[in-house]
Novice: 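Take this structure first; my questions come after.
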Protein chains: 2
Amino acid sequence: MKECQHLFCHKKHSKIERFMEVSLLCLLNEKAGYGYGLIEKLSFFGFDDETINIGALYRTLRKMETEGLVYSDWEQSEQGPKRRVYSITDKGKKELENWVYVLKDRKMHIEKLIHRYESCENK
Amino acid sequence: MKECQHLFCHKKHSKIERFMEVSLLCLLNEKAGYGYGLIEKLSFFGFDDETINIGALYRTLRKMETEGLVYSDWEQSEQGPKRRVYSITDKGKKELENWVYVLKDRKMHIEKLIHRYESCENK
DNA sequence: GTTACTATATGTAATTTGTATATAGCTTAT
DNA sequence: ATAAGCTATATACAAATTACATATAGTAAC
């Protein structure tokens, strides 16, 4: 993940990386997929080509596999090298369900902060 | 920060810790405050007494001071030991403004994920 | 004087993240 | 055939962050 280009928050990253696992679970819940191919799908969740960290993507998928959230099979592609195709497990579906619950809570707190900030006269 | 009690997301923390800095900036933007006293105010943002990590709070405040986002003065309290009272700086106000911008973006992506998950038939 | 509470602070291990790089199959041009 | 370029997966290592425990000390109450 590259350094934030916009000088937001004093070059600290906006730290959406941890959101990657949930995003991957959401995508794999719809349809099995492989690492490289998931990259562009992740753009829907705010991960763009310039900022995405490929290494982190593969690492996250492998970690999710060791945790039993997904499983993988090698698949021959029409052109290019073989692909490790990931599918979600029942445990992964449960995990995703729980994550969505957590995200709803987090969203609420973000909204509370934004509202509180915007109601404050010291802006 | 204690281990998540609810078995959500396989005991992984929901990782709202990084939200602490923004929450602190938001509170200090309204009014100067000291570490111990800020604890209960943080509950507004989802940090509760059982889960808050006092060490992280102090460390975050000190780090924010070295970054010039806040400054501190020692203040004698009516009862109990002296307090290090933190105030926000102009740089901190700018940082908070930027963070709010980032949070709005993140909120949007969380909403997109939740909506996508709930529209999916594979739940 | 010792127990309890308020208050601030840090040491250290574990985990996570950033960045760079390695490996290798397939396709296309020379 | 071989080099360049793309697809695809993977890991090594340093840096940063987080978890957890613990240290320090003033004040109050008993």
Side-chain angles (χ1 to χ4, degrees), chain A residues 1-5 9-24 32-42 47-67 70-86, chain B residues 1-5 9-24 32-42 47-67 70-86:
Chain A
M1 189 73 72
K2 279 180 199 157
E3 198 70 53
C4 177
Q5 305 293 314
C9 304
H10 296 110
K11 302 196 180 179
K12 280 190 284 269
H13 304 147
S14 45
K15 302 285 164 49
I16 54 166
E17 298 84 52
R18 285 174 187 171
F19 191 56
M20 192 192 273
E21 183 180 316
V22 206
S23 302
L24 288 170
Y34 65 101
Y36 210 79
L38 287 163
I39 294 171
E40 57 181 308
K41 291 189 177 182
L42 280 172
F47 300 90
D48 58 86
D49 287 356
E50 295 128 45
T51 55
I52 204 165
N53 179 348
I54 310 292
L57 172 66
Y58 282 103
R59 218 166 6 189
T60 303
L61 285 167
R62 305 289 272 145
K63 196 197 70 185
M64 285 162 69
E65 187 164 25
T66 65
E67 289 169 351
V70 297
Y71 66 90
S72 67
D73 289 303
W74 284 98
E75 207 174 83
Q76 196 68 51
S77 69
E78 303 90 59
Q79 44 185 11
K82 281 192 291 185
R83 296 162 172 171
R84 185 191 282 275
V85 176
Y86 288 93
Chain B
M1 190 73 72
K2 279 182 198 157
E3 197 72 53
C4 174
Q5 304 293 315
C9 304
H10 297 110
K11 300 196 181 178
K12 280 189 284 270
H13 305 146
S14 45
K15 300 285 165 46
I16 53 167
E17 299 84 51
R18 287 173 186 172
F19 191 55
M20 191 190 272
E21 183 180 315
V22 205
S23 302
L24 288 169
Y34 65 100
Y36 210 80
L38 288 162
I39 294 170
E40 56 180 309
K41 291 189 176 184
L42 280 173
F47 299 90
D48 59 85
D49 286 356
E50 295 128 45
T51 56
I52 206 165
N53 180 347
I54 310 293
L57 172 66
Y58 281 103
R59 223 172 340 207
T60 302
L61 286 167
R62 303 289 271 144
K63 196 196 69 184
M64 285 161 69
E65 186 164 27
T66 65
E67 289 169 352
V70 296
Y71 65 90
S72 67
D73 289 302
W74 285 99
E75 207 174 84
Q76 196 68 52
S77 68
E78 303 90 59
Q79 44 184 9
K82 281 192 291 184
R83 297 162 172 171
R84 186 190 282 276
V85 176
Y86 288 93

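Order of the sequence lines fixes the chain letters, A, B, ..., with proteins taken first and strands second; residue numbering starts at 1 for each chain.
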Novice: Residues two or more places apart in sequence or in another chain: which of them pass side chain to side chain donor-acceptor pair (under 3.5 Å) with A/Tyr34?
Specialist: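 Counting only residues at least two positions away or on another chain, A/Tyr34 forms a side chain to side chain donor-acceptor pair (under 3.5 Å) with A/Arg83.
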
Novice: If every non-hydrogen atom of B/Met20 is compared with every non-hydrogen atom of B/Asn53, which pair is closest and at what distance?
Specialist: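 Looks like CE-O, 4.4 Å.
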
Novice: Using atom CG of A/Leu57 as one end and atom P of D/dT9 as the other, report the distance to the nearest whole Å.
Specialist: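 Nearest whole value for this atom pair: 9 Å.
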
Novice: Atom NZ of A/Lys63 and atom C1' of D/dT9: how far apart are they, to the nearest Å?
Specialist: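 Those two atoms, NZ and C1', are 18 Å apart.
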
Novice: I'd like to check A/Leu61 versus A/Leu38 (side-chain heavy atoms, cut-off strictly below 4.5 Å). Are they in contact?
Specialist: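 A/Leu61 vs A/Leu38: side chains touch.
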
Novice: From CD of A/Glu65 over to P of D/dT9, roughly how many Å is that when rounded to an integer?
Specialist: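 Nearest whole value for this atom pair: 12 Å.
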
Novice: Atom CG of A/Asp73 and atom NZ of A/Lys82: how far apart are they, to the nearest 0.5 Å?
Specialist: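 Interatomic distance, A/Asp73 CG to A/Lys82 NZ, rounded to 0.5 Å: 11.5 Å.
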
Novice: List in chain and number order the residues that pass side chain to side chain contact (heavy atoms under 4.5 Å, CB included) with A/Ile39, two or more places apart in sequence or in another chain; answer none if no residue qualifies.
Specialist: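 Partners of A/Ile39 under the side chain to side chain contact (heavy atoms under 4.5 Å, CB included) test: A/Tyr36, A/Asp49, A/Ile52, A/Ile54, A/Leu57.
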
Novice: List in chain and number order the residues that pass side chain to side chain contact (heavy atoms under 4.5 Å, CB included) with B/Arg84, two or more places apart in sequence or in another chain; answer none if no residue qualifies.
Specialist: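 With neighbours one apart ignored, the set is B/Arg62, B/Glu65, B/Ser72, B/Trp74, B/Tyr86.
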
Novice: Quick one: stems for DNA chain D, with Watson-Crick or G-U pairs under 3.5 Å, at least three in a row?
Specialist: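 For DNA chain D the paired stretches long enough to count as stems (3 pairs minimum) are C:1-30 with D:1-30.
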
Novice: Round to the nearest Å and state the distance from A/Glu21 atom CD to C/dT17 atom C1'.
Specialist: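 The distance from CD of A/Glu21 to C1' of C/dT17 comes to 14 Å, rounded to the nearest Å.
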
Novice: So which atom in B/Ser23 and which in B/Phe47 form the shortest heavy-atom distance, rounded to 0.1 Å?
Specialist: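 For B/Ser23 and B/Phe47, the tightest heavy-atom pair comes out as OG-CE1, 3.6 Å.
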
Novice: What integer distance in Å separates A/Leu61:CG from D/dA8:P?
Specialist: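 For the pair A/Leu61 CG and D/dA8 P, the rounded distance is 14 Å.
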
Novice: Could you tell me the separation between the CD1 atom of A/Ile39 and the P atom of D/dT7, rounded to a whole number of Å?
Specialist: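 Rounding to the nearest Å, CD1 of A/Ile39 and P of D/dT7 are 10 Å apart.
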
Novice: Any N/O pairs under 3.5 Å between the protein and nucleotides 3-11 of chain C? List them or say none.
Specialist:
unit_1: C/dA7; atom_1: OP1; unit_2: B/Tyr34; atom_2: OH; d: 3.4
unit_1: C/dA7; atom_1: OP1; unit_2: B/Arg83; atom_2: NE; d: 2.8
unit_1: C/dA7; atom_1: OP1; unit_2: B/Arg83; atom_2: NH2; d: 2.5
unit_1: C/dA7; atom_1: OP2; unit_2: B/Tyr34; atom_2: OH; d: 3.3
unit_1: C/dT8; atom_1: OP1; unit_2: B/Arg84; atom_2: N; d: 2.7
unit_1: C/dT8; atom_1: OP2; unit_2: B/Gly35; atom_2: N; d: 3.3
unit_1: C/dT8; atom_1: OP2; unit_2: B/Tyr36; atom_2: N; d: 2.7
unit_1: C/dT8; atom_1: OP2; unit_2: B/Tyr58; atom_2: OH; d: 2.5
unit_1: C/dT8; atom_1: O5'; unit_2: B/Tyr58; atom_2: OH; d: 3.3
unit_1: C/dA9; atom_1: OP1; unit_2: B/Arg84; atom_2: NE; d: 2.8
unit_1: C/dA9; atom_1: OP1; unit_2: B/Arg84; atom_2: NH2; d: 2.6
unit_1: C/dA9; atom_1: OP2; unit_2: B/Arg84; atom_2: NE; d: 3.2
unit_1: C/dG11; atom_1: O6; unit_2: B/Arg59; atom_2: NH1; d: 2.9
unit_1: C/dG11; atom_1: O6; unit_2: B/Arg59; atom_2: NH2; d: 3.2

Novice: Expressed in angstrom and rounded to an integer, what is the separation of A/Lys41 atom NZ from D/dA8 atom P?
Specialist: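 Nearest whole value for this atom pair: 13 Å.
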
